[in-house]
Amino acid sequence: MLDRKLIRKDTDRVRRGIESKRVDFDLDGFLAMDAAMRNLIQESEKLKAEKNEASLEVSRLKKEKQDASDILARMKKTSERIKEVDVELKTAVERLEAAELSIPNIPHESVPVGKGPQDNPVVSTWGDPGTGVAKPLFHWEIGEKLGILDMAAGAAVTGRGFVVLRGDGALLSRALVNLFLDIHRRQGYEELAVPYVANRDSMTGTGQLPKMEDDMYHCVKDDLFLVPTAEVPITNVYKDSVLEGEALPIKCTAYSPCFRREAGSYGQDTRGLIRVHQFDKVEMVKFTRPDDSYGELETLLGDACEVLRILEIPHRVIELCSGDLSFSAAKCYDIETWSPGVEKWLEVSSCSNFEDFQARRARIRFRREKGGKPEFVHTLNGSGLALPRVIATILELNQTPTGKVRVPKALVPYMGGREYLEA
RNA sequence: GGAGAGGUGGCCGAGAGGCUGAAGGCAACCGCCUGCUAAGCGGUUGUAGGGGUAAUACUCUACCGAGGGUUCGAAUCCCUCCCUCUCCGCCA
């Protein structure tokens, strides 16, 4: 959510932001609604001031045992009028608030303007994306051969887009989660274990709602949503709070399964582990002072990249251009790993600064000093990392000519000392 | 799921239709006082929104878990919902 005052005063900047994100939003209509609402506020408050004054007068007259029926009769009318105006006002506020939730965050000035993924500049690359295998297999072929990936079972249990990992596959997944969490703990993040369903307010707080409702799994009876990322529960841990300035930055990490309906995605890039409806991920979230958030974004990105360096996985960092930036983000880096089988760069992490966009929605504030005015914090989050694509990359990258898969060194202790996955 | 008890400012806690944004206490801050510390005395201290201003000042409105209702007037009465605690049931 943006500051309404900013929208009023700096309309052009907001307009440019919306356009550069290629979002369709009627800003002029919004401003008209806003002006109309403020007129109603003024009318309502004027009437209420009148009522309050009369109320005192009535109270005084009654104490002096005088007749107040004139005022009472007049105020009955005023009260009715207040009700009418307030009904109008309530509708106006509701419409405005609903519209407000659909205004995207403004890209940071450093964000390159562009239309889509093809305009995302590469920021850096690490390692040599190559493999010793002449004809690399796809990860789903490797996985099925090793008996660690069972796509058919996933489809049987639930349906397309759900997978079952077996044996060492399940172990690999568990090992990765543990390794990731251990790394982030060392990097200074507090580990949390969080709920995997979240209520509507939380989903709105982090910006998934209202826009992405169709992409969520929804428990209708309780109006709860399966979390699409641990970002939702972690960020909302501090919903409605005022933090001490000295406590910032607050850094948290948590594992969670992530549930995404991916409504409307089909065909390309959906085979194997590339795009599934349920996947595991370790997430990092930071709550920072506004002045520090861009520095913190860089270290967050570094923290995520470190995981890949530890896993010896070649990767590159790209910066999302304005047109590819998500609804809530002001700036975002994606980290991609090269998978020689599918011959694609796979997004395994997204590190974003939301500035005060989420904080405003979720009402997360801090005081610079004791007794100071509460200000909105900046929130950031990044995957560290999403599992399925990391698994896909490990399988494809570390496959050997003999059909085995080498386990990255750092992961070996987490795999019961196993150095290779084999059939 | 059933039965009870609750939810009031940074915290504790009163208030049970009318000068109550809310007594009292604690805490914090600012003075004064005391040789230092402690004590004591006086004062200040919520959030959000509107108007206003260069910014203050000033001013209005709302807020006693949330939303409705009754009333000229609601923290106080009525309804619905949420949350916390205790007991029972159910599941692990």
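First the proteins, then the strands, lettered A, B, ... as listed; each starts at 1.
Taking atom C1' in both rG31(B) and rU84(B), one finds a spacing of 42 Å when rounded to whole Å. Comparing rG17(B) with rA74(B), their P atoms are spaced 14 Å from each other, to the whole Å. Taking the C1' atom of each, rU8(B) and rU47(B) are spaced 15 Å apart, rounded to whole Å. Distance noted for atom P between rC26(B) and rC81(B): 41 Å (whole Å). Taking atom P in both rA66(B) and rG10(B), one finds a spacing of 13 Å when rounded to whole Å. The same atom, C1', is picked in rC78(B) and in rA16(B); the two are 15 Å apart, to the nearest Å. As rounded to the nearest Å, rG40(B) and rC77(B) have P atoms that lie 38 Å from one another. Using atom P as the reference point in both rG13(B) and rG4(B), the two lie 24 Å apart (nearest Å).
Rounded to an integer number of Å, the gap from Ile71(A) CD1 to rC72(B) C1' is 9 Å. For the pair Arg200(A) CZ and rC81(B) C1', the computed distance is 16 Å after rounding to whole Å. Here the P atom of nucleotide rG50(B) and the CG atom of Leu40(A) are 14 Å apart, to the nearest Å. Taking atom CD on Glu64(A) and atom C1' on rG18(B), their separation rounds to 14 Å, with Å as the unit. If you take CE of Met1(A) and P of rG49(B), they are 10 Å apart, rounded to a whole angstrom. Distance, Leu47(A) CG to rG73(B) C1': 15 Å, rounded to whole Å. In this structure, CD of Glu97(A) is placed 16 Å from P of rA48(B), rounded to the nearest angstrom. Atoms NZ (Lys373(A)) and P (rG10(B)) sit 12 Å apart, rounded to a whole Å.
In a base pair of the Watson-Crick type (N1 to N3 plus N6-O4 or O6-N4) or a G-U wobble (N1-O2 and O6-N3), with each distance short of 3.5 Å, rG24(B) is matched with rC12(B). Applying the Watson-Crick and G-U wobble criteria (two distances, each under 3.5 Å), rA92(B) pairs with nothing in any strand. For rU86(B), the paired nucleotide is rA3(B), the pair qualifying as Watson-Crick or G-U wobble because both relevant distances are below 3.5 Å. Pairing for rG31(B) goes to rC41(B), judged as Watson-Crick or G-U wobble with the two contacts each under 3.5 Å. In this structure rC19(B) sits in no base pair that meets the Watson-Crick or G-U test at under 3.5 Å. Searching all strands for a Watson-Crick or G-U wobble partner of rC77(B) with both distances below 3.5 Å returns rG69(B). Base pairing annotation: rC64(B) forms no Watson-Crick or G-U wobble pair, as no partner gives both donor-acceptor distances under 3.5 Å. Under the Watson-Crick and G-U wobble criteria, each requiring two contacts below 3.5 Å, nucleotide rA55(B) is left unpaired.
Each of rG49(B), rG18(B), rU47(B) was ranked by its minimum atom distance to the side chain of Arg367(A); first place goes to rU47(B). In the set rG18(B), rU47(B), rG68(B), rG68(B) carries the atom at the smallest distance from any side-chain atom of Lys90(A). Comparing rG51(B), rU70(B), rG18(B) by their closest approach to the side chain of Val58(A) singles out rG18(B). Distance from the side chain of Arg365(A) is smallest to rA48(B) among rA48(B), rG18(B), rU61(B).
Checking Glu246(A), Glu375(A), Glu244(A) one by one against Arg368(A), the side-chain hydrogen bond (donor to acceptor under 3.5 Å, both in side chains) holds for a single residue, Glu375(A).
Ser79(A) comes within contact range of the sugar-phosphate backbone alone, with a heavy-atom separation under 4.0 Å but no base atom that close. Residue-level contact check: Lys62(A) touches the bases, meaning some heavy atom is under 4.0 Å from a base atom. Contact annotation for Ala49(A): backbone-only contact, meaning every heavy-atom pair under 4.0 Å involves sugar-phosphate atoms and none involves a base. Within 4.0 Å (heavy atoms only), Lys77(A) reaches no atom of the nucleic acid at all.
Residue whose closest nucleotide on RNA chain B sits further toward the 5' end, between Ile41(A) and Ser59(A): Ser59(A). Each of Arg60(A) and Lys83(A) lies near RNA chain B, and the nucleotide nearest Arg60(A) is the one positioned closer to the 5' end.
Between Asn52(A) and rA62(B), a side-chain N or O to OP1/OP2 separation shorter than 4.0 Å is present. The side chain of Lys48(A) places no N or O atom within less than 4.0 Å of a non-bridging phosphate oxygen (OP1 or OP2) of rU61(B). One finds no side-chain N or O of Lys51(A) lying less than 4.0 angstrom from the OP1 or OP2 phosphate oxygen of rU71(B). At rG50(B), one or more side-chain N or O atoms of Arg8(A) fall inside 4.0 Å of OP1 or OP2 (strictly under the cut-off). Taking only side-chain nitrogens and oxygens, Arg38(A) comes nearer than 4.0 Å to OP1 or OP2 of rG51(B).
Put simply, the side chain of Asp324(A) never gets that close to the backbone of Gly116(A): no donor and acceptor are under 3.5 Å apart.
No side-chain heavy atom of Ile103(A) sits under 4.5 Å from any side-chain heavy atom of Met1(A). Counting only heavy atoms from C-beta outward, the side chains of Glu306(A) and Gln187(A) approach each other to under 4.5 Å.
Phe287(A) and Tyr238(A) have their aromatic ring centers within a separation under 6.0 angstrom.
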Working for ring-ring contact (aromatic ring centres under 6.0 Å, His included), residues Phe366(A) and Phe376(A)
CA-CA 6 Å; Phe366(A) 79 104; Phe376(A) 290 107; 9.7 Å; no
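Considering every non-hydrogen atom in both Trp140(A) and Gly272(A), the closest pair reads CE3-CA, 3.7 Å. When all heavy atoms of Thr253(A) and Ile234(A) are compared, the pair lying nearest together is C-CD1, 4.2 Å.
If you check distances only, the side chain of Glu45(A) does reach the base of rG49(B) with a donor-acceptor pair under 3.5 Å.
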